[in-house]
Colleague: 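Input: one structure, supplied below.
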Amino acid sequence: MSLKGRIIEYIDNGRFICAIAIEESGKRVRILNQNGKEVNLPLARVIHKSLESCSVDQAREDLCKQLKSTSKKRQQMMDLVNLEEIWELAIEENDSMFEPEFLAELCFGEHATDDHVASFMRSVFADRLFFKYREGKIIAHSEEIVKQLRIRREKELEKEALLNTGARALAQLWEGDIPEEWPERETCFKMLSDYYLYGNDAPESAVTRDLLKRAHLSGPHVCFHLLVKAGVWDKNENIPLLRHEIPIEFSDAALNQAKSLANSDPSAIWTKGRKDFRDLPILTIDGESTRDFDDALHVEKQGKNYLVGIHITDVTDYVRPGDPLFHEAVARVSSIYLPDGRIPMLPPELSEGCCSLILGKDRAAMSIMVLLSPDGEVLDLNIVPSLIRVRRQLTYSEAEEMIDSDEELRILAMLSRKLMERRIEAGALLLPVPDVNISINPDETITITKSEADSRSRILVAEFMVLANTLGAEFVADRESPGLFRSQPPLRTRLIHGYDKDLFLIFRQRKNLPRAELLPDPKPHSSVGAAQYTMVTSPIRRLMDLAMQHQIMHLARGKGVLFSRDDIADLARSIVTGLSRINPVRQLRHRYWILKYLETRKGDRFDALIIDSGPRRVHIVLTDFLIDTDLPASRAIGEPGNIVSVRLAKVVALENIVRFEWT
C-alpha cells in the first residue's frame with residue numbers, strides 16, 4: 001500500500017514529529033512535516049503510519065495545521081496510557097513480541113485508532129522501562145530487565161539530584177560560604193578528591209566534570225581549592241601520599257592488639273632464654289627528634305681486642321606472622337619520615353613505647369655480640385636473645401662533642417673508622433651526600449639547613465649498623481636458609497674509589513650505580529663491599545628488618561627457619577611494591593617543602609653545580625637544597641663541575657614547577 005497521503009510519525013532530536021507522505025520513492029519518502037518543512041526521509045525512520053490517507057492537494061498551511069492538531073491530540077492521549085499495567089498483562093503471554101495495535105487496544109479498551117496506536121508508541125519511546133520498539137514491533141521487557149532498569153533509573157535520578165544540588169553548593173563554597181543543606185556533601189567531596197588525584201581514571205570522572213561544569217568552575221586545581229575551602233584538605237595537603245594510597249590509619253584490630261601489648265606485663269610477653277645484659281653500659285645515638293629508638297651499642301675491652309654489642313630491639317614477641325600488626329607491617333612496608341610528620345609502620349604504642357629502647361627501660365633485644373680486633377677484623381660472632389637497659393641516650397650532636405673525651409665513644413669511633421677502611425678495601429663505595437633538613441615553624445615559615453652525613457658520630461652509628469646487617473646476612477647464609485638479601489652487581493663505571501666528598505663526583509657516580517636487587521639467596525653487594533647483605537637494624541621501622549629478625553631469632557633458638565622460600569618470595573614482592581609507592585612520596589614531599597620555601601625567594605640568586613651539559617639542556621643541582629633541574633644550554637656557563645649563579649624565575653610548589661635562568 002502506498003504511503004502517499006498517509007500521516008506518519010518519526011523522531012527528530014528526541015521529539016515525535018507528525019508529517020504527511022507526499023511521494024514515495026524506493027527506500028525514501030518525501031514528506032511535509034508539522035513545522036512546514038519538506039524532508040526526504042528514509043523509510044527506516046518511520047515509526048508509525050496511519051491506516052487511512054488524506055488528500056495531499058490541500059493548501060500547505062491547512063496540512064500543517066492538521067498535522068499540529070493531530071500531534072497535540074496524541075500527546076494529550078499519552079496521559080491515558082498506563083504502561084506498567086499493560087506490561088503486567090503482556091508478560092503473562094507466552095510471547096514477548098507484540099503488534100502495537102494489540103497493546104493499544106489493551107490500553108484503551110476499544111478498537112485502536114491511528115491516534116490510539118500513535119499515542120501508545122509515543123509512550124513507549126517516552127518511558128523505556130517496560131517496553132522497547134524494534135522494527136515495527138513492541139517487545140515487553142522481562143521482570144529481571146525491568147528490575148535492573150528501575151535500579152538504573154533510580155541511580156540516574158540520584159545523580160541528577162546530586163548534580164543540581166552539588167553544583168549550587170560548590171558555587172556557593174567557591175565564594176567562601178559552606179552550604180548548610182547539602183545531603184550529598186560527602187559524596188561530592190569524595191568525587192572531587194578522586195578526580196583531583198586520578199583524573200579520568202577516577203570512578204566518577206565524567207560525573208565530576210559535569211558537576212564542575214554546572215557549577216561554572218574550571219582550572220587544573222579547582223578541586224584542590226574547593227576541598228581546602230571545605231576543610232577536607234589542608235592547604236599543604238600531601239597529594240602524593242593520597243595518590244599512592246599509602247595507609248595512614250591503623251585497623252581497629254591492629255590498634256587493639258597494640259594497646260593490649262602495651263598494657264601487658266612485658267616479662268609475660270618475652271620468651272624465655274634471654275641473656276641478661278642490663279648491667280652493660282649500653283647507649284643510643286640518634287637524631288634530636290627521634291622517638292622510635294631501635295638500635296643501641298656498647299663496647300668492652302677484652303685483652304687487646306674489643307667486644308662490641310649491637311643491640312637491636314626485639315619485636316618478634318610483639319609482632320608475629322598472622323597477627324593484625326604483622327598484616328599492617330606488610331601493608332605499610334616501612335615507616336615514612338616527612339618534613340611535616342611521620343607515618344609509622346607500627347602503632348606508637350609499640351614503635352615509641354614498649355619496643356623503643358627508651359632510657360632506663362627494660363627491653364627485649366636481639367644482641368649481635370661481635371669480637372673485633374683493633375683493626376676492625378671480625379674474630380667471633382654470637383647472636384643471642386637478650387634483655388637490655390639503655391644507660392645513656394645521646395643525640396648525634398652530643399656524641400660528636402663527646403667523642404674525644406668519652407672513652408666508650410672514642411673506642412667505638414676508632415673501630416667504626418677501621419670498619420669503614422676495611423669496606424673500602426673490599427670495594428665499598430661511600431657517597432656522603434649532606435642531609436637537607438626542613439623545619440616547618442609554628443608561624444608556617446620554613447627553615448632549611450644542611451648537615452654533614454659523614455660526621456664522626458654518624459659514621460660511628462652507620463658503620464656498626466652496616467656491620468650488623470652484614471653479620472645478620474652471614475648468619476642466615478651460613479645456615480643455607482632463605483632470607484631477604486640485598487645485592488648489587490659490580491660497578492661498570494667507577495668515578496669514586498672508596499670515599500670522596502666531591503659533590504660533583506658523587507652525583508655523577510650515583511647516576512652510574514647498577515640496580516640493586518632483593519633476592520632469597522645471598523649475593524655480593526658492590527657498594528657496601530660485602531659478600532652478602534641484608535637489613536636487620538630497624539625492625540620497628542622496616543618490614544624487611546622485622547622479617548629478617550624473625551628468621552634470625554628462630555635460627556638462633558635452634559627452631560630452624562620461620563619463613564619458607566615461598567614466604568620470603570611473598571614478602572619480597574610486598575617490599576618491592578611498597579617501596580615503589582613510598583619512595584616517590586618521600587622524594588616529592590621533600591621537594592614540595594623546598595619549593596614552598598622558594599616561593600618566598602622569587603628573583604633571588606642561588607649557587608648551582610653543573611652536573612651535565614648537552615647541546616640543548618644543562619643539568620644543575622642547587623647546592624643549598626640539593627634539588628636538580630635543567631636550563632637551556634649556554635656557551636658562557638662553563639663546564640660540568642663548575643659552580644654557577646642562577647636566578648629563580650618561577651616556582652609553584654603545588655604543581656612541582658621550578659624554573660631558573662642564567663644570571
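Every value quoted in this text rests on a predicted model; they were computed, and no experiment measured them.
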Colleague: Between I620 and A608, which heavy-atom pair has the shortest distance, and what is it?
Modeller: CD1-CB, 3.8 Å
Colleague: Taking the side chain as everything from C-beta on, heavy atoms only, tell me whether L622 gets closer than 4.5 Å to V646.
Modeller: yes
Colleague: Checking side-chain contact (heavy atoms from CB on, under 4.5 Å) between H590 and each of L595, V436, L626, L338, which is the one that passes?
Modeller: V436
Colleague: Where do D234 and F224 come nearest, in terms of heavy atoms and distance?
Modeller: O-CZ, 4.0 Å
Colleague: Is there a side-chain contact between L484 and I568 (heavy atoms, below 4.5 Å)?
Modeller: yes
Colleague: Which residues pass the side-chain contact (heavy atoms from CB on, under 4.5 Å) test with T290, not counting sequence neighbours?
Modeller: D286, D292, F293, R541
Colleague: With distance as the sole test, does H550 use its side chain to make a donor-acceptor pair with the main-chain N or O of V319 at under 3.5 Å?
Modeller: yes
Colleague: Apply ring-ring contact (aromatic ring centres under 6.0 Å, His included) to F625 and list each qualifying residue two or more places apart in sequence or on a separate chain.
Modeller: Y597, F606
Colleague: In plain terms, say whether E352 and R342 are close enough for a salt bridge, that is, a side-chain N and a carboxylate O under 4.0 Å apart.
Modeller: yes
Colleague: Identify which one of V330, V536, L325, V315 satisfies the side-chain contact (heavy atoms from CB on, under 4.5 Å) criterion when paired with L546.
Modeller: V315
Colleague: Side-chain contact test, heavy atoms from C-beta onward, threshold under 4.5 Å: evaluate it for M544 versus V333 and give yes or no.
Modeller: no
Colleague: I want to check something: taking the side chain as every heavy atom from C-beta on, are S218 and L212 in contact at a cut-off of under 4.5 Å?
Modeller: no
Colleague: Using a cut-off of 6.0 Å, state whether more than 12 heavy atoms not belonging to N13 lie near its atom CG.
Modeller: no
Colleague: With heavy-atom distances below 4.5 Å as the criterion, would you say the side chains of I611 and P640 are in contact?
Modeller: no
Colleague: Does NZ in K213 sit with more than 12 non-hydrogen atoms of other residues, nucleotides or ligands closer than 6.0 Å?
Modeller: no
Colleague: Would you say the side chain of D294 lies within less than 4.5 Å of the side chain of T537, judging by non-hydrogen atoms?
Modeller: no
Colleague: Specify the closest pair of heavy atoms between P434 and K450, including all atoms of both residues, with the distance to one decimal.
Modeller: CB-CD, 4.4 Å
Colleague: Which atoms form the tightest heavy-atom contact between Q257 and Y318, and what is the distance?
Modeller: NE2-O, 3.6 Å
Colleague: Charged N to carboxylate O under 4.0 angstrom, K501 versus E452?
Modeller: yes
Colleague: With side chains defined as the heavy atoms from C-beta onward, is the minimum distance between N236 and K596 less than 4.5 Å?
Modeller: yes
Colleague: Kindly indicate whether the side chain of I496, heavy atoms from C-beta on, has any atom under 4.5 Å from the side chain of R508.
Modeller: no
Colleague: Using ring-ring contact (aromatic ring centres under 6.0 Å, His included) as the criterion, list what pairs up with F485, not counting sequence neighbours.
Modeller: none
